[in-house]
Amino acid sequence: MSEISNKENIFRNPVLVIGSNISAFEVVACFSRVGYEILFLRTEASSDTLFPPSDKRVNEILASKNVKIMENATLNKIEGEIGNFYASIKENENTVIVRVSAVVISVDPKILPLEINEQHIGGKVQTLRAFLDDLEEGSINNESIGIWLDRAMPERRDVITAALKGSINNIHNNGKSYIFLQNMPVFGHLGQKTYNEARNVGVQFLRYSENHPVFEERDKKIEVSVQDAVLNKITLQAKIDRLIMPSLILPGEEIATIAKIVKQPLDTEGYLQSGNILYRPVSSVRKGIFYAGHCHYNYDPMDARQEAEAIIIQLSDLLVLESKRNPGAVIEIDKKKCAQCLTCLRVCPHDAIDPSILTTSFNMYSAACVQCGICVSSCPGQAIELKNASKIQFEDAIKDAVNKTVATSPIIVFACQQSAALALKTASQIGLSLPENSIIIEVPCAGRIEENLLLYALVNGAAKVIVAACHYDICRSLKGNILANKRVERVKQFLSSINMSTDLIHFCTIAANEPYRISNLITTITSKTNTKMVSEVA
Amino acid sequence: MIKKNTISLDEIKETPLRDALIEEFSWKADLNYCMACGKCASICPLHGYTDMDPRKAVRMVILGDEKNLINNDFIFQCTGCDKCTLECPMGVKIGNMITRARSMRIMEKKPGKAQLTCDLHRDKGNNMQIPTEDWIDTVEWMEEELQEEIPDLKVPFDKNGAKYFATINSKLPMYHPMELQYIYKVFHAAQANWTMPTIWWEGTNYCMFSGDLETWEYNLRKQVERLEALGCQVMAYTECGHGYFATLAGYEKFNIKPNFEVVHVVNLYAKWIREGRFKLDPSRNTIKVTLHDPCNASRKALINNYPNIMDDARYVLDNVCADWVEMWPNREYNYCCSGGGGALISGFAKARNYYGQIKVEQIDRTDAKLVCTPCVNCIDGIDGLAKEYKRPWEAIHLWKLLANAIVLD
């Protein structure tokens, strides 16, 4: 089995950035400033984009020596690992394969046009983008405007920011600005500042709780009636010249397509957000693939710079670690047992297994592999071995445990190194005592544990087995804890089918900062144990 | 056609209340921070009495619907306790807004007798129209009475260069002259260099309740003039909550810069106890006591960075009472006595008794028979509740407990 990795080039391989809006440009600018090479696939901006990059930024990038821009180009395919991805890019009619160190995705969502019929309303009705364009042109002066902020859907930060800025600028143009909304969105620091500025210059926020605002023509203007959420029996009325309705924004095709290409899932709303909070907002679970800007939803364009910097820091750390990694694969596949069923390929959350497995040589992306062992425990042919957490090592550890606890049978705790093992270390540091016959066996991820291992422990003398994994939604390998739970349940089913107590095996989730909880858990389970050896009872 | 329950935002041309607040507090930002979270409404003692609450009041000013607020009974039912301001996570000065709204109500429409009292203070030097001769007589009469116990007691009138200028709430000489004796005893036992003024001795300021800013300032300045003429260093502010607060807030508001310090007598009691000036026997006060924190000298002083009496009141009670307990909640979280904000003479007795129920519950839970509170209006408020709700407890000044515990050889 060979390994695709060429350490010398990883820093010199360009970073691939795909997108068109402010965040894409900010990423390109920040990366190029610190010396990275960039390959920028500049996609077409949607016509209604709220935050185009500034001219200054565009010129900076066009002039930069280490940015190569490809317009009218699309990413077709990407394989490989961090530091050495192979991107297959189609430009016009040609396809080129470029080696890149990482990919930053910053594509746009889809913006749907307005649906309202403006003819019976008495004034101008337009989208937020059109309003902002008019403002910039200078064609709005002395006008009363109203922006219906959350008419179609929960408000998005970029929409709110744009609306607030527009309302502030309108006041500077001798105008009056109203904002109609049902919910007050909560913002980060920069967003809050804009809110404060809006209030200070006199933007009026008219909040309603149940009934939507009503618009009617009156004296050649739009008369709007809002039932105030606080003074709930009072209707507020104002006449405006212009009604602005932010467009409906949906994730759209571009986001769905690129998700498939980088083999990452969409979240429940259809946006690119990683499966658990450890990686959010800018990382995906796949090392070296990053998300920036609108594609991961509810993004505040004022955060563009910070996001870009976060990505640089994370990528740089990963590349440095990668350059220091010892060469050589960390898993081994016994070709005699491997049936090329592709289970390992499908189950690996880190895309660490090369699809070329269908050929006779099995390739591995060691840079992407975090050694969780999910492939090992999932392989139906038991053909995979993880060097640092092998079957032999576990079996020996179990046998040691039984020998050590001579008088009583051991309670074996399989502790995930990302959470439970850390909590147990803390517990011993702060002097919490564990039962004498409890033995801790560390696993790189709870997903490494399979049913056979659990049964081996019970058959060879463990009084009980406890599997302690990370809390749901926090597993670094996304599903390690879920798999472990399923497997524990299966063993319980098996035990009950042979009339043995399901109390012999336990599953729990723990965080690294819960030393009291885990030591209490182990103590409680142990105290309810009749430590006769399982094999004796059988 | 404008419907009755409609506010037409385009037609609001002037916003004098908001402008005045901006001018005083550069307040535009302050008011605009209101998130309509409703904490003020939920903590307000008047909550539930009518459909008005502080949140709505702020909302009306934000929208420019000021007239409706200024003419609303709510602003005069308000107890001025400022719990709303304390709760507000954004620091909106709601209490100040209410006072300013009161100041914009036309004279003829101000309810109750607060304005009358304020005018009397200006015209006669004190709320009760007590002429100077009668005042001197009353003071001397009480001096004589006390001399039976303390032969060498002297109450110095208008002593030039005295350190402490005593202020007295005019309700005392009018209705409870005996209380004066406790005050004399405390000053005497402390061997304080004090004086009783013959004019401008009034230790209240009802103009804050009626919202008459001009007369408020006038009354303050007259008192300052008198004190400075006598060359005193400290205005020893009597046990009156709103008077203390109105003085300090008024100096700030009207930019009065006196060359003396204003110190609440409770702070003085504590200071003197620490200095060991008294020999105290707490076993002389055996009846169980609880403490009510007067809003103006506790929460409102705290919020506005004036010295407050919360810690010192407790320190004094520790040293003079055999058995005292806290009510709950206490300190800056305590509730209005029901006599606040001019409520005793505003004509809204029903509202007063409504929110007084909270106070009644608080006191009942302590099982105390005496409610110590260093504020004349609080005394009246709490005694009023005892009468209305037929309770066995009664209110008592701190000077009485202190004087009782002082042992003179």
Side-chain angles (χ1 to χ4, degrees), chain A residues 123 142-146 164 167-168 171 175-187 191-209 211 213-214 216 218-241, chain B residues 1-15 18-19 21-22 25-42 44 47 50-69 71-72 74 84 88-92 94 97:
Chain A
N142 226 321
E143 277 192 41
S144 276
I145 64 144
L164 289 173
S167 66
I168 293 168
I171 291 196
K176 220 166 168 191
S177 299
Y178 296 100
I179 294 191
F180 321 121
L181 73 176
Q182 194 170 27
N183 293 307
M184 290 283 217
V186 177
F187 245 100
Q192 188 63 48
K193 265 173 97 169
T194 314
Y195 242 125
N196 295 345
E197 193 189 337
R199 286 201 177 101
N200 285 343
V201 302
V203 174
Q204 290 233 313
F205 289 83
L206 305 187
R207 190 161 142 234
Y208 57 94
S209 55
N211 305 322
V214 173
E216 279 176 348
R218 180 97 48 208
D219 307 330
K220 299 226 173 61
K221 289 188 185 233
I222 307 174
E223 183 184 70
V224 53
S225 303
V226 174
Q227 199 172 25
D228 191 79
V230 176
L231 308 169
N232 46 33
K233 293 192 209 113
I234 306 279
T235 303
L236 307 173
Q237 275 183 347
K239 290 203 200 57
I240 55 179
D241 301 301
Chain B
M1 192 180 79
I2 309 284
K3 289 169 246 173
K4 208 168 69 167
N5 56 351
T6 302
I7 301 174
S8 186
L9 295 171
D10 299 318
E11 300 193 0
I12 293 173
K13 299 292 175 215
E14 281 171 354
T15 54
R18 187 161 61 191
D19 295 340
L21 290 166
I22 294 168
F25 299 110
S26 53
W27 208 42
K28 194 158 192 173
D30 204 16
L31 191 52
N32 280 319
Y33 281 148
C34 172
M35 299 187 291
C37 69
K39 288 189 82 183
C40 57
S42 68
C44 175
H47 179 79
T50 60
D51 68 351
M52 262 304 278
D53 62 48
R55 172 165 68 160
K56 287 191 180 159
V58 173
R59 185 84 188 128
M60 288 162 85
V61 178
I62 288 175
L63 291 172
D65 189 27
E66 297 181 357
K67 266 220 209 90
N68 280 333
L69 178 64
N71 292 325
N72 197 309
F74 176 74
C84 46
C88 176
M90 304 309 288
V92 178
I94 306 173
M97 182 187 82

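Fair warning: this is a prediction, and the values are worked out from it, not measured in the lab.
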Original post:
Should A/Gln204 and B/Leu9 count as side-chain neighbours, where that means a heavy-atom distance under 4.5 Å?
Top reply: yes

Original post:
Can you check side chain to side chain contact (heavy atoms under 4.5 Å, CB included) on B/Asp10 and A/Gln237, steps first, answer last?
Top reply: CA-CA 8 Å; B/Asp10 299 318; A/Gln237 275 183 347; over 6 Å; no

Original post:
At their closest point, which heavy atom of B/Ala36 faces which heavy atom of A/Val230, and how far apart are they?
Top reply: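 Closest heavy-atom pair between B/Ala36 and A/Val230: CB-CG2, 3.8 Å.
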
Quick check for you: to the nearest 0.5 Å, what is the distance between [X] atom [atom1] and [Y] atom [atom2]?
X	Y	atom1	atom2	result
A/Leu236	B/Asn5	CG	CG	10.5 Å
A/Arg207	B/Met35	CZ	CE	10.0 Å
A/Leu231	B/Met52	CG	CE	8.0 Å

Original post:
side chain to side chain contact (heavy atoms under 4.5 Å, CB included) with B/Asp51: which residues, sequence neighbours excluded?
Top reply: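 Here the qualifying residues are A/Lys233, B/Lys56.
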
**OP:** Mind checking side chain to side chain contact (heavy atoms under 4.5 Å, CB included) for A/Asp241 and listing every partner two or more places apart, or none if nothing turns up?
**Re:** A/Glu143, A/Ser144, A/Lys221

Original post:
Just one of B/Asp65, B/Asn68, B/Ile7, B/Thr6 clears the side chain to side chain contact (heavy atoms under 4.5 Å, CB included) bar with A/Ile234, so which one?
Top reply: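 Output: one option passes, namely B/Ile7.
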
